Amino acid sequence: MTDKRLLLIDGNSIAFRSFFALQNSLSRFTNADGLHTNAIYGFNKMLDIILDNVNPTDALVAFDAGKTTFRTKMYTNYKGGRAKTPSELTEQMPYLRDLLTGYGIKSYELADYEADDIIGTLSLEAEKLGYRVTIVTGDRDLTQLVSDKTTVAVTVKGVTEVEDYTPEHLKEKLGVTPTQVIDLKGLMGDSSDNYPGVTKVGEKTALKLIDQFGSVENLYDHIDDLKQSKMKEHLIEDEDNAFLSKKLATIDRDSPLKIGLDQLEYKGINEEYLIDFYQKMGFKSYLKKFQKSGGLKEVEQTQFQELTKANLDKAMESLGNEVSLYLEMPEKNYHLSSFAGFVIGNDEKWFVSRNVELLKLPTIKDLIENIDVKLNVFDSKRTYVGLNRLEINAQCFNYDVLLQSYLLDTNENSNDLGLLAQQHAYYNVESDADVYGTGAKLSIPDDDQTFFQHLANKGKAIEVLGKALDGELKQNEQDKLYWEIELPLAIVLAKMEISGIRVDSNRLIQMQSEFAERLSEIEGEIYRLAGEEFNINSPKQLGRILFEKMRLPIIKKTKTGYSTAVDVLEKLRGESDIVDDILNYRTISKIQSTYVEGLLKVVHSKDQKIHTTYIQTLTQTGRLSSIEPNLQNIPVRIDEGKKIRQAFVPSKEGWHILSSDYSQIELRVLAHLTGDKNMQEAFIENQDIHASTAVRIFGLKDASEVTPNIRRQAKAVNFGIVYGISDYGLSQNIGISRSDAKKFIETYFQEFPGVKNYVDNIVKVAKEQGYVETISHRRRYLPDINSSNFSQRSFAERTAMNTPIQGSAADIIKIAMIKMQQELESRNLKTKMLLQVHDELIFEVPDEEMNEIKKLVPSVMDSAMKLKVPLKVETSWGNNWYEAK
DNA sequence: AAAATCACG
DNA sequence: ACGTACGTGATTTTA
């Protein structure tokens, strides 16, 4: 006897399972080279679980060798008609072999044979020698191999859960013996392998027949015993098929392998190889395991010295005119965060301290404020704001590694320098998460050595990466984008955040009690109509009331139950008065919780202002985003919500709020990018663009024939074009049939041939180069553009159309903001730029500057970039944001 | 942590 | 036949 345990894995089958299990997150699983990695990741996960369970002494992963096998010779249609394997999976197959090498597991394939046959042959051999065998597959056919020595683990859903088949389990579940699995397949056939079996005989019937006769052979020996039935006719007619199918289903347990059991020893993981592989694949979670076990390559530690008052002057003197600086603010919100310490230095000289007060001392402050000293940082906006809070005014930022990385690839924007460095193949700095912990456990180490070392490593990482990424930006022709737009913008944004916007808290508090009163009224009415009290905020409970208790028609379902979203409720309006009450309740409670109460929470008590944080390195298109709080989605469409804007007031008595917004900027960018003459003409002649679109697509004589409804439809078409149009989307949006929507789009493309041409071309460009660009060479990669998955590919195609439009509009307003800030400063104006809302800039203006500003702002904005059509800017002002509209 | 909903451009 | 409009963030409930 032996205590050997052999693990046999059906490689193709598990790869397929892994791929499809993680198909929804396909786009999240790509490495730096754009290779998809979901199947590899899933395979790895499965391996870990299986190895842990089986603890094998020997192991092998068997793969299918190619398209043709001895089975295709028997039956040409074997596995015919199968959908082609998605290219996203095919490209991963070679790397699976590398993964297995890293795990110390042999992989094997044999011409003319399938993985099943390899597994069948080896398991039989092993059984003879007394091994225990475990077979892992996603294919239940292999259960024909189970025995008292061999278990077959079939994946249930995904790859993490398996069902273990033993002879007993097989009997219990299907009532058959292992060899009868073959008879079963013979009778029922296999649609995925494309062999027929007997007509109209499925699993149920086949099991019944096997229970009765034991085998296909015996069944046909006694076929006359069956009483006359359709089934009997089919059995007789398809006798050949039954035997053929049985043969096809039979695993060859004597295939001519050129590998023997003695070569399958499971050697265990090759750490160095696997770490290298994981780094190539970008598998951070797997890499982490090694870090914990201490197996990861040693981080090269940067030398440092603690900075003190005593050595400060000499230290700064040694640094020259380019330094890297990292100011550690552990909390996310840097307007409020504590300061944990800093590192400053270059080359081999790195100085660290926990005491940020040192930064205020002359030599170091002078260095940072010296316009000739270049500062390399990670996140210049954060650093600027932090230093500003210490009353230090940073002057000359140079490399901002976060910003550079984001411009190179919008997805590489981690706020953790260590993680971001990894994405650029720099490993000599750990992630903050590893050194400081995360969530509730986040804390700066008490131990100086640990903390200082990490800071020093960060300084070095910035120095090395800043230079490297600068080179990459040049290669991509993105250097102007970085130096002339994004880097200067970071400081403009920092100044806007620091200025903040004054909020009249008393106004909000007054609104709070008004809304509270109305909410409780509506609440009472809803409870009365529903006949009971329940949580109106819970879609689940609301769904039960509306669709079960009150029996309103079900319009739409979500993953978890009934949908109660606005578009559904709107259709139910006539059914019961409760619907209107719910809609009202929703509107008001949204305003109350998110805006009235939400904003009150983030007003700084010190200055009665809100200081948002703009995120410059997040969106896929180049827009900004705004958090804590989001000041880019303050209500405006519904008057009740819009009143929130009354609480946004100037910071000084007698000043006004002024707002300027670009009119139709995205359609103007579209007219520019597409070069469409008809569209350009409309803008050059300053026509109402939606009306003129309506004239064209509805074949009207002139604008006088455009009714509001027709204009509304044309407007929806224009939006559709910008979003990457589909007939379905348009039909849903304006409530017309899909075929009508299709006609609209066709007519649109006839009338605007330049647009049609652009749409076709941009998709082609995206497919060829893998990314699209804005006017300023902002880049967005589209890894799914060649996907075999229709919906992923379609999504990528729509984003290919939309991103250059939305992104170029973002470029334009960013340029305008930089010029605007320059003008305000060079003219020594007191006016402050406060907010940006994608196509709109908001200022607070002292009365004496109003005349100048109301001309200056639009003129800077409309001249920000020269397009083939004019840019149009509309301006208004008032005592608060509500009035400035 | 994910899902549902709804606020904005 | 597939299953959709593009880009965001905050709040609440639920698993």
Side-chain angles (χ1 to χ4, degrees), chain A residues 24 83 410 439 534-543 556-569 582-583 585-599 601-602 612-615 618-638 640-642 644-645 661-667 669-670 716-734 738 741 745 772 780 788-807 809-810 813 835-841:
Chain A
N24 289 333
T410 48
F534 66 100
N535 186 347
I536 308 170
N537 283 321
S538 158
K540 196 180 167 196
Q541 293 180 37
L542 179 62
K556 200 167 75 178
K557 287 198 149 190
T558 64
K559 273 184 211 165
T560 52
Y562 314 109
S563 168
T564 64
V566 239
D567 55 324
V568 171
L569 294 184
I582 290 164
L583 284 166
Y585 182 90
R586 283 252 178 95
T587 312
I588 295 172
S589 89
K590 173 84 177 181
I591 299 169
Q592 180 79 312
S593 66
T594 305
Y595 298 104
V596 179
E597 289 167 355
L599 288 175
K601 269 186 231 161
V602 291
T612 186
T613 299
Y614 288 105
I615 305 186
L618 182 141
T619 70
Q620 297 300 304
T621 55
R623 275 189 177 181
L624 301 174
S625 91
S626 155
I627 59 163
E628 280 180 275
N630 181 354
L631 291 183
Q632 293 182 317
N633 71 347
I634 302 301
V636 68
R637 293 170 196 174
I638 302 162
E640 275 157 329
K642 190 176 175 181
I644 293 286
R645 296 181 175 222
D661 66 291
Y662 284 110
S663 160
Q664 311 294 356
I665 188 164
E666 293 196 344
L667 286 173
V669 168
L670 180 69
V717 175
N718 278 330
F719 267 90
I721 297 292
V722 169
Y723 291 157
I725 198 139
S726 79
D727 50 12
Y728 181 87
L730 181 63
S731 73
Q732 286 295 298
N733 195 281
I734 50 178
R738 198 168 160 168
I745 296 167
V772 291
R780 180 179 188 174
S788 56
N789 179 310
F790 174 88
S791 106
Q792 290 183 347
R793 187 179 62 249
S794 303
F795 182 62
E797 288 170 358
R798 291 196 296 274
T799 44
M801 299 180 221
N802 174 263
T803 297
I805 300 168
Q806 192 182 113
I813 196 166
L835 302 174
Q836 187 251 43
V837 190
H838 309 306
D839 63 356
E840 176 187 12
L841 296 176

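Residue numbers start from 1 in every chain, and the chains themselves are labelled A, B, ... in the order their sequence lines are given, proteins ahead of strands. This is a predicted model, so every value here is computed, not measured.
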Item to check | With A:Phe795 via ring pair (Phe, Tyr, Trp, His ring centres under 6.0 Å) - residues at least two apart | outcome: none

Checklist entry - What does A:Ala716 touch in the nucleic acid at a heavy-atom separation under 4.0 angstrom: a base, only the sugar-phosphate, or nothing? => result base

Checklist entry - Is A:Asn733 touching bases, backbone alone, or none of the nucleic acid, heavy atoms closer than 4.0 Å? => result base

Item to check | For A:Glu628, all residues meeting salt bridge (Lys or Arg N to Asp or Glu O under 4.0 Å), sequence neighbours excluded | outcome: A:Lys332

Checklist entry - Residues in salt bridge (Lys or Arg N to Asp or Glu O under 4.0 Å) with A:Lys540, at least two apart? => result none

Checklist entry - So what's the dot-bracket for DNA chain C: Watson-Crick or G-U pairs under 3.5 Å, [ ] if a pair crosses, | if it pairs off-strand? => result .....|||||||||.

Item to check | Contacts of A:Gln732 that satisfy side chain to side chain contact (heavy atoms under 4.5 Å, CB included) - sequence neighbours left out | outcome: A:Tyr728

Next on the checklist: Can you list everything that forms a salt bridge (Lys or Arg N to Asp or Glu O under 4.0 Å) with A:Asp727? Sequence neighbours excluded, please.
Outcome noted: A:Arg738

Next on the checklist: Suppose we screen for salt bridge (Lys or Arg N to Asp or Glu O under 4.0 Å). Which residues come up paired with A:Arg586, at least two apart in sequence or across chains?
Outcome noted: none

Checklist outcome for this item: With sequence neighbours left out, the residues meeting side chain to side chain contact (heavy atoms under 4.5 Å, CB included) with A:Ser626 are A:Thr612, A:Tyr614, A:Asn630, A:Leu631, A:Gln632

Item to check | Whole-angstrom distance between B:dA3 and C:dT4, as gauged at atom P | outcome: 14 Å

Checklist entry - At under 4.0 Å between heavy atoms, what does A:Ser626 touch on the DNA or RNA strands: base, sugar-phosphate, or nothing? => result sugar-phosphate

Checklist outcome for this item: Taken in chain and number order and not counting sequence neighbours, the residues that satisfy side chain to side chain contact (heavy atoms under 4.5 Å, CB included) with A:Asn733 are A:Ala716

Item to check | Residues which pass ring pair (Phe, Tyr, Trp, His ring centres under 6.0 Å) with A:Tyr585, listed by chain and number, not counting sequence neighbours | outcome: none

Item to check | Heavy-atom contact window of chain A on DNA chain C, given 5' to 3' at under 4.0 Å | outcome: C:dC2 to C:dA15

Checklist outcome for this item: Going 5' to 3' through nucleotides 3-9 of chain B and flagging B where a protein heavy-atom sits under 4.0 Å of the base, S where only the sugar-phosphate is that close, and - otherwise, we get SSSBBBB

Checklist entry - Rounding to the closest angstrom, what is the interatomic distance between B:dC6 and C:dA5 at atom P? => result 15 Å

Next on the checklist: Using a 3.5 Å distance criterion without hydrogens, assess whether the side chain of A:Arg623 forms a donor-acceptor pair with backbone atoms of A:Gln806.
Outcome noted: no

